[in-house]
Amino acid sequence: QVQLVESGGGLVQPGGSLRLSCAAAVDSSSLYRMGWYRQTPGKQRELVATITSAGTTNYGDSVKGRFTVFREKAKNTVSLQMNNLKAEDAAVYYCNGLDHWGRAYWGQGTQVTVSS
């Protein structure tokens with residue numbers, strides 16, 4: 001079983017930056033796609049960014065141009081660099097992995113708060 005652990009969440013001011021990381025307990029090469037989703041109370045979990053084993057990325061419209069997702073294969077991690085954060089970016093961010101068999105894995109979530 002793949003275990004994903006997020007880190008890097010916290011409090012940041014609007015316009016600030018934050019970097020989230022997700023560590024996989026196993027070789028991340030076993031995951032076809034890794035990425036990030038976020039959820040605010042009362043709202044559905046939404047796509048933030050994903051990246052496939054081939055390097056293809058996909059971003060939610062609201063974060064394009066501000067967030068960057070990348071994989072660090074040697075460290076078995078996927079990270080999310082968040083720049084120019086806005087109040088609406090505040091949410092619990094969840095790491096996601098999809099293996100080659102179609103099974104999804106989720107981290108426990110890390111809180112990102114954007115406030116002045």
Connected via hydrophobic side-chain network under 4.5 Å: [X] and [Y]:
{"X": "Leu80", "Y": "Val12", "answer": "yes"}
{"X": "Leu47", "Y": "Tyr105", "answer": "no"}
{"X": "Tyr37", "Y": "Val114", "answer": "no"}

Can you list every side-chain hydrogen bond (donor to acceptor under 3.5 Å, both in side chains) pair that touches residues 86-96, not counting sequence neighbours?
Arg38-Asp89, Arg38-Tyr93, Arg66-Asp89

Between Phe67 and Leu85, is a side-chain contact (heavy atoms from CB on, under 4.5 Å) present by the stated rule, with each step listed?
CA-CA 9 Å; Phe67 291 10; Leu85 283 159; 3.7 Å; yes

Are [X] and [Y] close enough that some pair of their side-chain heavy atoms sits under 4.5 Å apart?
{"X": "Tyr32", "Y": "Thr52", "result": "yes"}
{"X": "Thr110", "Y": "Ser7", "result": "no"}
{"X": "Cys22", "Y": "Val78", "result": "yes"}
{"X": "Phe70", "Y": "Thr77", "result": "no"}
{"X": "Val112", "Y": "Met82", "result": "yes"}
{"X": "Glu6", "Y": "Leu20", "result": "no"}

Nearest 0.5 Å, what's the [atom1]-[atom2] distance between [X] and [Y]?
{"X": "Thr57", "Y": "Arg71", "atom1": "OG1", "atom2": "CZ", "result": "12.5 Å"}
{"X": "Thr113", "Y": "Gln13", "atom1": "OG1", "atom2": "CD", "result": "13.0 Å"}
{"X": "Leu98", "Y": "Leu31", "atom1": "CG", "atom2": "CG", "result": "8.0 Å"}

Under the side-chain contact (heavy atoms from CB on, under 4.5 Å) criterion, do Cys95 and Trp36 qualify, and how do the steps go?
CA-CA 5 Å; Cys95 182; Trp36 297 88; 4.1 Å; yes

Restricting to pairs with a member in residues 45-90, which pass disulfide bond (SG atoms under 2.5 Å apart), not counting sequence neighbours?
none

Residue pair [X] / [Y]: nearest heavy atoms and the distance that separates them:
{"X": "Gly109", "Y": "Val92", "result": "CA-CG1, 3.8 Å"}
{"X": "Ser21", "Y": "Ser79", "result": "OG-OG, 3.2 Å"}
{"X": "Gln39", "Y": "Ala91", "result": "O-CB, 3.5 Å"}

So does Ala90 get a backbone contact from the side chain of Thr40, meaning a donor-acceptor N/O pair under 3.5 Å?
yes

With sequence neighbours excluded, what pairs up with Asn83 under the side-chain hydrogen bond (donor to acceptor under 3.5 Å, both in side chains) test?
Ser17, Gln81

